[in-house]
Asks: 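One structure, pasted below without further comment.
All chains are named by letter (A, B, ...) in the order of the sequence lines, taking the proteins before the strands, and each is independently numbered beginning at 1. As the structure is a prediction and not an experimental result, all values here were calculated from the model. Both backbone and side-chain heavy atoms feed into the values below; hydrogens, waters and symmetry mates do not.
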There are 2 protein chains.
Amino acid sequence: MVIDATAPTPRRRTAAPIVRSRPLHEEVVDRLRDMIIEGDIPVGERLHENNLAETLNVSRTPLREALKLLANEGLVDLLPGRGARVSALSAEKVGELFEVVSGIERLAAELAATRMTARDLERLKRMHDKMAAHFAAGERHEYFALNHQIHVAIVVAAKNETLASTHAALMVKARRGRYTALASEERWKEAMAEHEALMEALARRDAKRAGDILFEHDRRTAETTKEMLEKTKRAG
Amino acid sequence: MVIDATAPTPRRRTAAPIVRSRPLHEEVVDRLRDMIIEGDIPVGERLHENNLAETLNVSRTPLREALKLLANEGLVDLLPGRGARVSALSAEKVGELFEVVSGIERLAAELAATRMTARDLERLKRMHDKMAAHFAAGERHEYFALNHQIHVAIVVAAKNETLASTHAALMVKARRGRYTALASEERWKEAMAEHEALMEALARRDAKRAGDILFEHDRRTAETTKEMLEKTKRAG
DNA sequence: TCTGTGCATTTTGCATGCAAAGCGTCAACG
DNA sequence: CGTTGACGCTTTGCATGCAAAATGCACAGA
């Protein structure tokens, strides 16, 4: 594209002062990640550097840096010489993801049981009670949000940043496609009971039991999710 | 360093056909990662884009892409507007790393116990016997190499690629600075006995026991390593 | 109609240019 | 003697240019 002097291209951003607090490529990573997770960019979609750069109003350089990072995260596949596309997330991959998460969260629960502060426990209890209320009211969406927050809070209470960031990285992928659903009322009730037991174990600071409960809880959630996915696949 | 016009710069690579199988930035990531892990680039060292690009014989673009990826891996810190430097690896971080690895490997052992093929088990046994021989001969270096291979092999035998790549990513950081040492003959003997027990549990396909043994083994290794690190720090 | 080959276009991958932000230095001032 | 601020060099961050590779398409031959 040759720049026409008579119609100065609006995407020439050099003029704007670089008073950006964050580097542009980070911005782009976040925006693209959101778009992929939210499904705004469908799976398999080709990511043209020129088009995308124009859409996002950045030049190809930061965009390329962002694509590389997303490829590293596993959200896009980079075919050498043939561009990038949104990576497919197979049922198997999702199963693997949940499996690893269950391992991480088991450890997190064990560590949290011994390391969390009284404040951490209070906070967990408050979230748990709120979630229980949403459960009682049958408010699925709110329940899900809090459920996720609780899982994250337990990981954080384990006081291990590496554990937390590893967990977060996995969750980004796991949450793609909104695989957060309960197959049945039955399973929902069960899950709620498991959370109940987990809270109790944490309150007693029973590391082993808390770990086992969360591990088993995650395993069942994974099971349910896999069933749902396979049902959806057969249906679709 | 100014390039002398009388000696045409050899780093002008545009002329060379792009018959590279791998993209240049990957090459650069691997080379830099090795250099950092091997300690060729000391911790805290500033990574100048111009200098490094010249040293590695690439232009700044692929180098910048590589630096971003390494930052993502946690090997370098990217100070916005102020370049990149090799990240420090504190004793705490190493402790965290080992902790997460122990969680991953516990799950791996459990899964491997149920999923590994007869071939996998055979292979593990061979490696284990070889390692035992190195132990008997007092060959630490060879012992370490095989020890690492066995841990990796168990993770692979778990048949979960996500687990394997998560583990690999953590190990890259954990192995930085050669934190692979045994504090004492005593601990070495103990570790060998733990491996012995682990192999037995795996052979019996006792998932729970295999997981517990490896978890405990990793915890103790971490403990020993932390002690060593602190001793080194005090000494240095 | 199907398949293979050559050309034109598109798109990637890398190099380089350029403006702004960082950083050190040194001098003027309190 | 210490502090501050202006100036210039250095380095980063981004935009853009350009060559090679990939892709699509037309067309010829089977």
Asks: On DNA chain D, does the nearest nucleotide to A:E65 precede the nearest nucleotide to A:G81 from the 5' side, or the other way round? Give the residue.
Replies: A:E65
Asks: With the side chain of A:R46 defined as its heavy atoms from C-beta on, choose the nearest nucleotide among D:dC14, C:dC14, C:dT11.
Replies: C:dT11
Asks: Under 4.0 Å: is that the gap between some side-chain N or O of A:R64 and OP1 or OP2 of C:dG13?
Replies: yes
Asks: Nearest whole angstrom, please: distance from the C1' of C:dT11 to the CG of A:L78.
Replies: 13 Å
Asks: Hey, which of A:R176, A:K68, A:K173, A:R33 is the one that makes salt bridge (charged side-chain N to carboxylate O under 4.0 Å, His left out) with A:E73?
Replies: A:R33
Asks: Once you round it to whole Å, what is the distance between P of C:dG17 and CD of B:E49?
Replies: 16 Å
Asks: Using atom NE2 of A:H48 as one end and atom C1' of D:dG24 as the other, report the distance to the nearest whole Å.
Replies: 13 Å
Asks: Let me know the distance between CG of A:L63 and C1' of C:dT11, rounded to the nearest Å.
Replies: 13 Å
Asks: Would you mind reading off the distance between B:L24 atom CG and D:dA21 atom P, rounded to a whole angstrom?
Replies: 14 Å
Asks: The side chain of A:R82 lies closest to which of these nucleotides: C:dT12, D:dT23, C:dA15?
Replies: D:dT23
Asks: Strictly below 4.0 Å, N to O, side chains only: are B:R115 and A:E99 in salt-bridge contact?
Replies: yes
Asks: Look at A:E122 together with A:R119 and state whether they make a salt bridge at an N to O cut-off of under 4.0 Å.
Replies: no
Asks: Check the pair A:L146, A:Q149 against side chain to side chain contact (heavy atoms under 4.5 Å, CB included), reporting the backbone distance first and the verdict last.
Replies: CA-CA 5 Å; A:L146 267 160; A:Q149 279 179 40; 4.0 Å; yes
Asks: Using a distance-only test with no angle check, is there a side-chain donor-acceptor pair under 3.5 angstrom linking A:T221 and A:D218?
Replies: no
Asks: Rounded to whole angstrom units, what separation is found between the CZ atom of A:R60 and the P atom of D:dT16?
Replies: 11 Å
Asks: Atom CG of B:N50 and atom C1' of C:dA15: how far apart are they, to the nearest Å?
Replies: 12 Å
Asks: Could you tell me how far apart B:L79 (CG) and C:dC23 (P) are, to the nearest whole angstrom?
Replies: 9 Å
Asks: B:P62 or A:N51: which one's nearest nucleotide on DNA chain C is closer to the 5' end?
Replies: A:N51
Asks: At under 4.0 Å, does any side-chain N or O of A:T61 touch on OP1 or OP2 of D:dC14?
Replies: no
Asks: Just checking A:L47: base, sugar-phosphate only, or nothing, at a heavy-atom cut-off of under 4.0 Å?
Replies: sugar-phosphate
